[in-house]
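Atoms considered below: every heavy atom in the structure, side chains included; atoms not considered: hydrogens, waters and symmetry mates. First the proteins, then the strands, lettered A, B, ... as listed; each starts at 1. A quick note: this is a predicted structure, and the numbers were derived from the prediction, not measured.
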Number of protein chains: 2
Amino acid sequence: MSVESLSALDRSTLRERSLEALRSAILSGRYRPGDHLGEVELAGSLGVSRGTVREALRHLQQEGLVTTGNRGMLRVNSLTSAEVRELFRVRAALEGLAVREVIASARREAAAETLRAAVERLSDEDEAAARIEADLAFHLLLCQLSGNSMLVEAWQRLEGRMRVAILNGAAWQAPMMARDRHVPIVEAIERGDVEAAVRVVDEHMTAAAEHFAEATESA
Amino acid sequence: MSVESLSALDRSTLRERSLEALRSAILSGRYRPGDHLGEVELAGSLGVSRGTVREALRHLQQEGLVTTGNRGMLRVNSLTSAEVRELFRVRAALEGLAVREVIASARREAAAETLRAAVERLSDEDEAAARIEADLAFHLLLCQLSGNSMLVEAWQRLEGRMRVAILNGAAWQAPMMARDRHVPIVEAIERGDVEAAVRVVDEHMTAAAEHFAEATESA
DNA sequence: GGGGGGAACACTGTCGACAGTCGGCACGGA
DNA sequence: TCCGTGCCGACTGTCGACAGTGTTCCCCCC
């Protein structure tokens, strides 16, 4: 009786799929920082028209993964170690606000529980890529639980740059994403200790900043 | 419901000019929140092709000035009063970081002086539009003087939403942008008093948040 | 052998057209 | 009157093509 229902994936536009493909290609390191991204070449390899990849590239440009070169040409972006440090300081400010709002929220208990569960997914053994995803998911969740949509948006805008920074030091990120590093945050939220929570987040970010900044310097 | 045609003597690309034209059209209130923005119609009134306005619209979408409606159609965005409050809390966090970094900076004195000059441009008598510009310029300058490029970027990403919020309560913004409100910030920076500076910024943002949130509610 | 001119080349900017799809409306039947 | 249904218009998604412009490299002349 029922016709094959169109899966939601087929609903996505070519532009969205191209965008996702390019983003993951860059983030997986298939393109090196500084590599030139030609519209025609990408269009050919993705099997779509130039206009379509063009839109995807412009989107990536606004995300900060791609930057405009000499003649309007686009190339893969990279971050200096100073920018990495700056990035983490902004993150600290944002996530500091997040923990503040989570603690002040009426649903603090439920939020803490959710975060506790997310921390458990931060395995110390998994693949590097999985660990990165779990780490970013934890911090995004923290922002989401604040209930501040503008905060979530701002954080997500930084996410692209974050991933670039992480990519630079991908080989050494191990100790940063460990479960130990995140448990104190959850505990401070559970206790409702604003000062401690903010301080812990700050320290976490400072340590991560140093880590990845050094990684970029030696690259 | 029309935008002025673009002048042809400019060296910038049509896409950039279309973007600027659309942005100022929305921000000047020529389009009301919820208004549908059709690609063909805009292309006609701007005198460019659909693909060109399409890119501009996508840019505006990422800026948050325009949001995707029912069928992938774009319409002018508006903010709820709750979102306005959230927005200002994020701004407070960002600008709090800014004053912290400015004070910690080696060029604190020079920065304070620059800010002092910017405050003077916050006239109490000028046109509403000019006052808004001067106010935003002051806060942007504050971020820029921190020397944190990622912070500047994050702030600018919020700027579009800011202007939407301001637009909603455009008639009542008078007391918010007054010089008195900003002088204490500069003074705290001059004294190097971090705690006071952050507190003043926070209060400034909270007051502004209430102001514009109420304005959007009664609109 | 070195430098200048010029001709392909390789891009991006911009455009007009075709096709798919969604919403609304009129019409006919119960 | 109310509901199903098929048509129509509008709008976006996507594409291929043309034009303008740096860039590069080769060839000729000094």
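- Nearest heavy atoms, A:S146 versus A:A98: CB-O, 3.8 Å.
- Under the salt bridge (Lys or Arg N to Asp or Glu O under 4.0 Å) criterion, B:R100 pairs with no residue at all, not counting sequence neighbours.
- Among residues at least two apart or in separate chains, there is no ring pair (Phe, Tyr, Trp, His ring centres under 6.0 Å) pair with a member in residues 41-69 of chain A.
- A donor-acceptor distance shorter than 3.5 angstrom exists from the side chain of A:T114 to the backbone of A:A110, with no hydrogens or angles considered.
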Candidate pair A:R161 and B:E153, rule salt bridge (charged side-chain N to carboxylate O under 4.0 Å, His left out), full reasoning: CA-CA 11 Å; A:R161 315 299 279 254; B:E153 206 174 291; 2.5 Å; yes
Letter by letter from the 5' end, nucleotides 10-18 of chain C scores (B base, S sugar-phosphate only, - none; protein heavy atoms under 4.0 Å) -BBBBB-B-
